[in-house]
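Here, residue 1 is the first one in the sequence, and each next residue gets the next number.
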Amino acid sequence: MKTTFLSGILVMSLCAFSLTSCNDDKVSPISLKDHKGTDLSLYYPDSEAHSYELTGGEGAYKASSSDIKVVTAEIDSKGDLSMKAVAPGKADVTITDEAENKLVLKVVVVYPTLDLVVEKLGVTIKGEELTDDQKKEIEEEALNTVPVQAGVDINSLIPTKRVRKER
């Protein structure tokens, strides 16, 4: 009787231990550290690759781009995502781990825009034979033909491909 009782306690203890030692920990999803969401913008032209620290997942990461003519993607030696803008456009960059967890980033490669303000316009007229009135008239006409005016924003100048002349 005593042996049966002790055996029962031993079996119950083993069952309780087995139930409490089960590992139901879930692997956190793959994400970019210090970045919310899955939308990213890169600028073109840019000769530098951009690095993003990855968190979560399980095991080593792999990266691929849906369009390598827009953006290339790889995992660098530190395990970070490295992307390089190749041309303006859109592509999905997919990061997977050994457990087949997946993160899909929506990458848009765009030209940078520059917002400028013209603060002052000026014209200098040189001509010894001209009178002051003639110089003033030419100056006013020249200023009126300039396509921008002082104090006006020039919004969204977009640099395009640069053409280099060989020397």
Side-chain angles (χ1 to χ4, degrees), residues 10-124 143-167:
L10 180 62
V11 169
M12 298 279 281
S13 298
L14 288 174
C15 287
F17 178 74
S18 296
L19 290 174
T20 58
S21 66
C22 287
N23 187 359
D24 288 337
D25 294 342
K26 295 192 181 202
V27 175
S28 61
I30 301 170
S31 64
L32 298 181
K33 184 176 182 181
D34 301 326
H35 183 81
K36 293 186 184 203
T38 58
D39 296 334
L40 282 175
S41 293
L42 299 177
Y43 290 121
Y44 174 84
D46 189 352
S47 60
E48 308 247 340
H50 297 275
S51 187
Y52 299 90
E53 188 175 342
L54 296 168
T55 62
E58 191 173 314
Y61 301 112
K62 292 180 186 174
S64 64
S65 172
S66 66
D67 190 347
I68 59 171
K69 292 179 181 176
V70 173
V71 65
T72 59
E74 62 183 25
I75 302 300
D76 66 18
S77 60
K78 295 187 298 184
D80 294 340
L81 172 64
S82 177
M83 293 189 293
K84 184 169 184 339
V86 179
K90 295 179 181 181
D92 289 344
V93 170
T94 304
I95 298 103
T96 55
D97 66 8
E98 291 176 355
E100 298 184 22
N101 295 308
K102 181 176 11 178
L103 170 65
V104 179
L105 301 172
K106 303 289 184 188
V107 180
V108 178
V109 177
V110 296
Y111 289 112
T113 57
L114 306 172
D115 292 332
L116 305 174
V117 176
V118 177
E119 292 182 2
K120 181 180 177 183
L121 292 174
V123 176
T124 302
L143 285 172
N144 288 333
T145 60
V146 176
V148 295
Q149 299 299 313
V152 176
D153 290 351
I154 302 174
N155 291 318
S156 301
L157 289 178
I158 301 174
T160 57
K161 282 189 175 181
R162 298 175 193 151
V163 178
R164 290 188 180 185
K165 294 182 181 178
E166 307 251 349
R167 294 182 194 196

Trainee: What is the distance from atom CG of Asp97 to atom OH of Tyr61, rounded to the nearest 0.5 Å?
Mentor: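 Reported to 0.5 Å precision, the distance equals 7.0 Å.
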
Trainee: How far apart are the closest heavy atoms of Val108 and Val110, and which atoms are they?
Mentor: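 Val108 and Val110 have their closest heavy atoms at CG1-CG1, 3.5 Å.
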
Trainee: Got Ser64 and Thr94 here, is their nearest side-chain heavy-atom distance under 4.5 Å?
Mentor: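 Result yes, sub-4.5 Å side-chain heavy-atom pair found.
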
Trainee: Go through Val104 and Val93 one step at a time and tell me if the side-chain contact (heavy atoms from CB on, under 4.5 Å) criterion holds.
Mentor: CA-CA 6 Å; Val104 179; Val93 170; over 6 Å; no

Trainee: Taking all non-hydrogen atoms of both residues into account, name the closest pair between Pro112 and Tyr44 and its distance.
Mentor: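 In terms of heavy atoms, the two residues are closest at CD-O, 3.1 Å.
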
Trainee: Apply side-chain contact (heavy atoms from CB on, under 4.5 Å) to the pair Val86 and Thr72, showing each step before the final yes or no.
Mentor: CA-CA 7 Å; Val86 179; Thr72 59; 3.9 Å; yes

Trainee: Donor-acceptor pairs are to be reported for all side-chain atoms of residues 29-41 against protein atoms at under 3.5 Å, with residues two or more places apart or in another chain.
Mentor:
{"from": "Ser31", "atom 1": "OG", "to": "Thr55", "atom 2": "OG1", "distance (Å)": "2.9"}
{"from": "His35", "atom 1": "NE2", "to": "Asp39", "atom 2": "O", "distance (Å)": "3.2"}

Trainee: If you take all heavy atoms of Glu48 and Lys84, which pair is closest and at what distance?
Mentor: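 What the structure gives for the nearest pair is O-CG, 4.3 Å.
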
Trainee: Check Val70 against Pro88 and note the closest heavy-atom contact, atom names and distance.
Mentor: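 Smallest interatomic distance, heavy atoms only, reads CG2-O, 4.3 Å.
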
Trainee: If you apply the rule side-chain contact (heavy atoms from CB on, under 4.5 Å), what do you find for Leu105 with Asp92, and how did you get there?
Mentor: CA-CA 6 Å; Leu105 301 172; Asp92 289 344; over 6 Å; no

Trainee: Without placing hydrogens or testing angles, list every side-chain donor-acceptor pair under 3.5 Å for residues 73-80, not counting sequence neighbours.
Mentor:
{"from": "Asp76", "atom 1": "OD1", "to": "Lys78", "atom 2": "N", "distance (Å)": "3.0"}
{"from": "Asp76", "atom 1": "OD1", "to": "Gly79", "atom 2": "N", "distance (Å)": "3.1"}
{"from": "Asp76", "atom 1": "OD1", "to": "Asp80", "atom 2": "N", "distance (Å)": "2.9"}

Trainee: Which atom pair, heavy atoms only, marks the closest approach of His50 to Leu42?
Mentor: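 That would be CD2-CD2, 3.8 Å.
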
Trainee: Between Thr96 and Lys102 (side chain of the first, backbone of the second, donor and acceptor by atom type, cut-off under 3.5 Å), is there such a pair?
Mentor: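 Judged by distance alone, no pair lies under 3.5 Å.
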
Trainee: What are the two closest heavy atoms between Val71 and Met83, and how far apart are they?
Mentor: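 Residues Val71 and Met83, closest heavy atoms: CG2-CB, 4.0 Å.
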
Trainee: How long is the straight-line distance from CG of Leu103 back to CD1 of Ile95, given to the nearest 0.5 Å?
Mentor: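 Going from the CD1 atom of Ile95 to the CG atom of Leu103 covers 4.5 Å.
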
